[in-house]
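Following: one structure in structure tokens, then a few remarks.
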Amino acid sequence: MAHLFRDLTLGHSKRDTTPSPPPLTPPKPTTFTAADNLPSPLGQISLKFSDSDLTITAYEIFVAACRTSAGKPLTFVPNTNSSDSLSHNSPNSLAYQRSLTYTAASKVKKAFGLKSPGSGSKKSPGSGPGKPKRPVTVGELMRNQMRVSEAMDSRVRRALLRISAGQVGRRIESVVVPLELLQQLKVSDFADQQEYEEWQKRTLKVLEAGLILHPRLPLDKSNSAAQRLRQIIHGALDRPIETGRNNESMQVLRSAVMSLANRSYDGSLSDSCHWADGIPLNLRLYEMLLQSCFDANDESSIIEEFDELMEQIKKTWGILGLNQTLHNLCFTWVLFHRFVATGQMDLELLSSADGQLAEVAKDAKTTKDSEYSKILSSTLTSIMGWAEKRLLAYHETFDRVNVETMEGIVSLGVAAAKILVEDISNEYRRRRRTEVNVARERIETYIRSSLRTAFAQIMEKADSSRRASKNQPNALPLLAILAKDVGSLAVNEKQVFSPILKRWHPLAAGLAMATLHVCYGNELKQFISGITELTPDVVQVLRAADQLEKDLVHIAVEDSVDSDDGGKAIIREMPPYEAEATIANLVKIWIKSRLDKLKEWVDRNLQQELWSPQTNQEGCAPSAVEVLRTVNETLDAFFRLPITMHPSLLPEVMNGLDRCLQYYVAKAKSGCGSRNTFLPTMPALTRCTIGSKFQGFGKKKDKSPNSQKRNPQVATNGDSSFGIPQLCVRINTLQWVLGEIDVLEKRIITLLRNSESAHVEDFSNGLAKKFELYPAACLEGIQQLCEAAAYRLVFHDLSHALWDGLYVGDPSSSRIDPFLQELERNLMFVSDTINEKIRTRILTEIMRASFDGFLLVLLAGGPSRAFSQKDCQIIEDDFEVLKEMFWANGDGLPSELLDKFSTTVRSVLPLFRTETDSLIERFRRLTLERYKSNGRSKLPLPPTSGQWDPSEPNTLLRVLCYRNDESATKFLKKTYDLPKKL
């Protein structure tokens with residue numbers, strides 16, 4: 001048997017050795033199920049037998065089987081440095097007369113790696129003074145180990161000697177030992193009648209158990225011998241039977257017993273008696289014999305004389321119907337049970353049970369006996385059940401101190417599972433074996449189950465910690481605490497448990513990380529589903545989750561780097577938390593919410609905005625100051641968010657703010673009109689009435705002073721928010737907002753530089769993203785408002801002086817002076833109100849509007865206006881005065897601008913000096929060239945283009961329409977039949 005455990009390497013005895021120093025961390029308290037609660041898988045005997053009953057019966061069988069060799073002297077070498085050897089002779093050994101010499105230690109026990117009692121001591125046990133005498137024979141040793149009294153031992157030996165004397169030459173297997181003991185032992189062999197009766201009842205119960213209840217061969221219920229035996233036994237419960245040789249009751253008993261014991265499968269008479277070889281009786285009795293191999297004073301130690309004792313125990317196989325296969329199974333259970341019974345701290349016992357189980361695995365592949373398979377299955381199920389109860393929650397059972405025990409239990413549990421699946425399970429046989437890796441499946445089950453249990457526990461612990469600290473400042477949210485604890489659990493798993501489990505599962509650490517990842521991910525998913533806004537707690541949880549995920553994935557990848565797929569299968573089990581993406585989405589939601597509120601604020605405040613001038617030093621509206629303040633507050637709030645992605649999300653913030661400011665600009669200019677809004681509608685073309693000029697317009701001229709009285713002063717308290725003062729404030733506002741862009745972008749760079757999440761490259765070359773929409777909108781809005789203000793002033797506010805007054809009736813009496821007076825006052829107001837950066841622009845637009853108005857009066861003033869050729873000087877002089885106002889002796893607009901915008905007027909005015917016939921001829925020629933008359937019709941009527949030019953037919957036509965000349969009138973009448981009035 002020594003080869004069974006040759007590969008096992010376990011520690012030394014705890015007895016008689018210098019104790020090792022206590023561990024730094026105290027071991028976990030024992031929480032295992034007591035051995036008494038671990039039922040024997042070898043089967044339960046139908047009759048109630050105490051352990052004492054089974055022990056006595058087993059001892060009787062042992063003595064009977066070894067009656068010719070139990071006196072064999074024990075041989076062993078004590079653990080001593082001395083070469084002395086002692087020799088003792090037993091004074092009363094009877095059949096045990098061989099002398100004892102100590103020559104060799106147990107080879108099998110050494111192969112087990114099991115410690116011996118007193119190992120490491122310098123004197124052999126029993127050699128010192130005051131110590132009990134050492135047994136000298138196997139028989140004496142067995143008696144001591146099984147705690148059988150000398151009186152009982154003496155009775156049994158005497159009875160067996162009588163049996164041997166009366167049945168010389170008979171094999172012990174042909175003897176029914178209990179029957180013969182009943183025959184040989186009398187009341188006189190016992191201390192009293194009660195002891196004898198109790199012994200007799202036990203012996204009869206053994207016969208009933210072995211021959212009727214648990215026979216080797218199946219027994220027909222109608223068997224007459226069995227019925228007689230049962231009657232005798234039950235009768236003996238009331239009154240002891242007489243056991244004399246010639247006693248009738250004894251003869252009936254013997255007849256019934258032998259009839260049952262001599263049965264065989266083929267019905268022939270057998271020379272062997274079968275009375276103790278039925279399962280489970282034989283296995284339970286053999287279990288008692290195997291228990292005797294452990295030292296009575298140190299229950300986890302195998303005795304020194306193991307080899308000699310085991311050699312004798314095996315001699316009971318003939319009576320018990322055992323073989324090496326059943327012995328291996330029973331001994332495996334005994335070793336395992338002893339490990340459990342002694343506190344589960346002795347690694348030598350655990351390793352020995354594991355080694356013996358390897359022999360059982362070999363037997364299971366070659367033994368197909370159904371009874372053996374049942375016992376095997378029961379035993380392995382019991383071992384595996386006990387092991388898995390601890391391994392399915394190994395974090396509760398093991399730690400750094402006792403992790404070596406875990407390795408042994410894992411080995412035992414996996415080995416049992418493999419035998420159950422590979423050698424017993426029919427399902428396994430039906431499936432291809434390559435599809436099943438029992439060890440990996442069990443380890444995977446242990447890892448997932450234990451980590452889920454551990455996760456639930458730390459979840460509860462984290463919740464308790466959160467509740468305890470909820471009133472404290474800066475208390476961590478639950479999932480942030482949980483992430484930290486899971487991280488610690490992952491590190492502990494990697495360092496303590498994974499190295500052990502990796503022996504059976506190469507991806508143990510990766511599998512553990514995947515399990516923790518999924519457990520935490522489920523909680524995180526529920527947390528995320530309930531988030532309605534971005535808060536510091538939410539960010540803290542998501543950042544903790546992101547860091548945990550990185551740690552778990554790192555461990556998993558590191559563990560799986562040498563696997564066939566490089567760890568891809570494990571990583572597929574770890575769906576990403578996408579915490580960064582969740583934070584980004586929440587930040588985007590936050591950004592949208594802030595921008596929506598900002599837009600609502602713009603709408604609400606612009607509805608209340610009066611655009612009153614002189615509201616502040618900049619001359620801009622209060623709403624602009626407030627909107628820029630809100631933009632700055634939004635930026636501050638964004639950079640205060642506890643996130644690590646400020647640089648990546650900043651463009652989105654800026655884009656949103658850009659749109660909000662663009663929206664403000666659009667609202668600020670909305671409703672103010674444009675150039676075309678204020679241009680008057682051109683009247684239809686007419687021709688002058690010759691000779692009625694003064695009579696026809698005398699009344700108009702008289703009303704001219706009244707028209708000038710219609711001139712309103714430049715009002716700053718008007719009820720309109722679109723007057724010239726209000727338009728100036730709007731223009732100033734857009735200019736101020738435009739000017740703040742540099743301040744805003746510099747402030748963003750400062751905030752970015754102070755952000756922990758930013759890098760130098762994010763701001764070293766300025767902002768990658770700049771404001772684009774609102775600056776362009778400001779420039780466009782300023783231009784539109786300047787045009788609107790200019791054309792409103794000229795064509796709306798001063799229409800009484802220009803459109804309704806200039807050159808109405810006699811040009812010499814309705815010249816440009818009233819218009820210039822009104823215009824000058826307005827120009828002074830605009831110059832004082834408008835921001836100096838855009839003063840030139842708006843004055844230029846007013847100048848352009850004035851020049852356009854002057855031309856409109858000349859070319860589209862309606863039938864109330866008529867000009868003779870001699871009026872050209874008046875017109876030219878008035879235009880020069882108008883130009884002088886904007887030049888202001890060099891203090892006004894630059895001469896270049898004056899020349900640029902007066903070009904059209906200057907090119908058209910010479911037409912008013914030109915002879916009528918020359919104008920008609922030029923008009924006819926240009927019209928024919930441009931519009932190609934077909935010859936059969938009159939000259940085509942050129943359309944109004946609005947682009948005045950001396951070479952443009954419509955411009956020439958309009959000069960003719962307002963020419964107070966008979967030739968012009970006749971031409972227009974004949975050619976186009978134009979009316980004299982509307």
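Counting from 1, the numbers follow the sequence of the chain as shown.
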[atom1] of [X] to [atom2] of [Y]: how many Å apart, nearest 0.5 Å?
| X | Y | atom1 | atom2 | answer |
| --- | --- | --- | --- | --- |
| His337 | Cys330 | NE2 | SG | 13.0 Å |
| Ile313 | Phe306 | CD1 | CZ | 7.5 Å |
| Thr582 | Leu542 | OG1 | CG | 6.0 Å |
| Asn323 | Leu326 | CG | CG | 4.5 Å |
| Gln291 | Leu54 | CD | CG | 11.5 Å |
| Cys293 | Met310 | SG | CE | 4.0 Å |

Please enumerate all residues that pass salt bridge (charged side-chain N to carboxylate O under 4.0 Å, His left out) together with [X], with sequence neighbours excluded.
| X | result |
| --- | --- |
| Asp363 | none |
| Glu580 | none |
| Glu558 | Lys494 |
| Asp551 | none |

Would you list the pairs meeting salt bridge (charged side-chain N to carboxylate O under 4.0 Å, His left out) in which at least one residue belongs to residues 405-418, sequence neighbours left out?
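Output for this query lists Glu407-Arg503.
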What residue pairs, at least two apart or across chains, pass salt bridge (charged side-chain N to carboxylate O under 4.0 Å, His left out) with a residue in residues 506-532?
none
What ring pair (Phe, Tyr, Trp, His ring centres under 6.0 Å) pairs are there with at least one residue in residues 534-587, not counting sequence neighbours?
His517-Tyr577, Tyr520-Tyr577
Pairs in or reaching into residues 350-381: which pass ring pair (Phe, Tyr, Trp, His ring centres under 6.0 Å), with residues at least two apart or in two chains?
none
Are side-chain heavy atoms of [X] and [Y] found at a separation under 4.5 Å?
| X | Y | answer |
| --- | --- | --- |
| Gln457 | Asp485 | no |
| Leu213 | Leu47 | yes |
| Val541 | Leu482 | no |
| Pro642 | Gln540 | no |
| Leu507 | Arg440 | yes |
| Thr366 | Lys362 | no |
| Phe339 | Leu412 | no |

Apply side-chain contact (heavy atoms from CB on, under 4.5 Å) to Ala296 and list each qualifying residue two or more places apart in sequence or on a separate chain.
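Testing Ala296 for side-chain contact (heavy atoms from CB on, under 4.5 Å), a comparison that skips the adjacent residues, returns Gln145, Arg147.
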side-chain contact (heavy atoms from CB on, under 4.5 Å) involving Pro576 - partner list, sequence neighbours excluded
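Partners of Pro576 under the side-chain contact (heavy atoms from CB on, under 4.5 Å) test: Glu549, Glu578.
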For the residue pair Gln324 and Asn328, confirm or rule out a side-chain donor-acceptor distance under 3.5 Å.
yes
Looking at [X] and [Y], what are the two nearest heavy atoms and their distance?
| X | Y | result |
| --- | --- | --- |
| Ile555 | Ala509 | CG2-CB, 4.5 Å |
| Ala462 | Ile481 | CB-CG2, 3.7 Å |
| Ile45 | Ala209 | CG2-CB, 4.2 Å |
| Ile447 | Ala512 | CG2-CA, 3.6 Å |
| Met146 | Ser292 | CG-CB, 3.8 Å |
| Pro506 | Asp559 | O-OD2, 3.8 Å |

I would like to know whether Leu335 and Phe294 meet side-chain contact (heavy atoms from CB on, under 4.5 Å); could you show each step before the answer?
CA-CA 10 Å; Leu335 289 169; Phe294 292 92; 3.8 Å; yes
What verdict does the side-chain contact (heavy atoms from CB on, under 4.5 Å) test give for Ile443 and Leu391, after you've listed the backbone C-alpha separation in whole Å, the side-chain angles of each residue and the deciding distance to 0.1 Å?
CA-CA 9 Å; Ile443 295 301; Leu391 296 176; over 6 Å; no
Would you say the side-chain atoms of [X] pair up with the backbone N or O of [Y], donor to acceptor, closer than 3.5 Å?
| X | Y | answer |
| --- | --- | --- |
| Asn492 | Ser488 | no |
| Asn437 | His505 | no |
| Ser450 | His395 | yes |
| Asp354 | Gly408 | no |
| Ser560 | Ser563 | no |
| Ser377 | Lys374 | no |
| Thr316 | Phe62 | no |
| Ser40 | Leu42 | yes |
| Ser301 | Asp295 | no |

For side-chain contact (heavy atoms from CB on, under 4.5 Å), just list the numbers for Ile409 and Tyr394, CA-CA rounded to whole Å, side-chain angles, deciding distance to a tenth of an Å, and then say yes or no.
CA-CA 10 Å; Ile409 293 177; Tyr394 58 78; over 6 Å; no
Does the distance from a Lys or Arg side-chain N to an Asp or Glu carboxylate O, for Asp346 and Arg338, drop under 4.0 Å?
no
Pairs under 3.5 angstrom only: tabulate donor-acceptor contacts from the side chains of residues 277-289 to other protein residues two or more places apart or in another chain.
| unit_1 | atom_1 | unit_2 | atom_2 | d |
| --- | --- | --- | --- | --- |
| Asp277 | OD2 | His274 | ND1 | 2.6 |
| Asn282 | ND2 | Asp277 | O | 3.3 |
| Asn282 | ND2 | Leu320 | O | 2.9 |
| Arg284 | NE | Glu287 | OE1 | 3.0 |
| Arg284 | NH1 | Gly43 | O | 3.4 |
| Tyr286 | OH | Trp317 | NE1 | 2.9 |
| Tyr286 | OH | His327 | ND1 | 2.6 |
| Glu287 | OE2 | Trp333 | NE1 | 3.4 |

Run through Glu388, Met406, Arg390 and flag the one making a side-chain contact (heavy atoms from CB on, under 4.5 Å) with Tyr446.
Glu388
Looking at Glu371, I want to see if its CD is surrounded by more than 12 non-hydrogen atoms of other residues, nucleotides or ligands under 6.0 Å.
yes
Check whether more than 12 heavy atoms from other residues, nucleotides or ligands sit under 6.0 Å from atom NZ of Lys484, and answer yes or no.
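For Lys484, atom NZ is not crowded (no more than 12 foreign heavy atoms under 6.0 Å).
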Pair Val486, Ile458 - check side-chain contact (heavy atoms from CB on, under 4.5 Å), show working.
CA-CA 8 Å; Val486 170; Ile458 64 174; 3.6 Å; yes
If the condition is side chain to side chain donor-acceptor pair (under 3.5 Å), which residues does Lys461 pass it with, not counting sequence neighbours?
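So Lys461 forms no side chain to side chain donor-acceptor pair (under 3.5 Å) with any residue.
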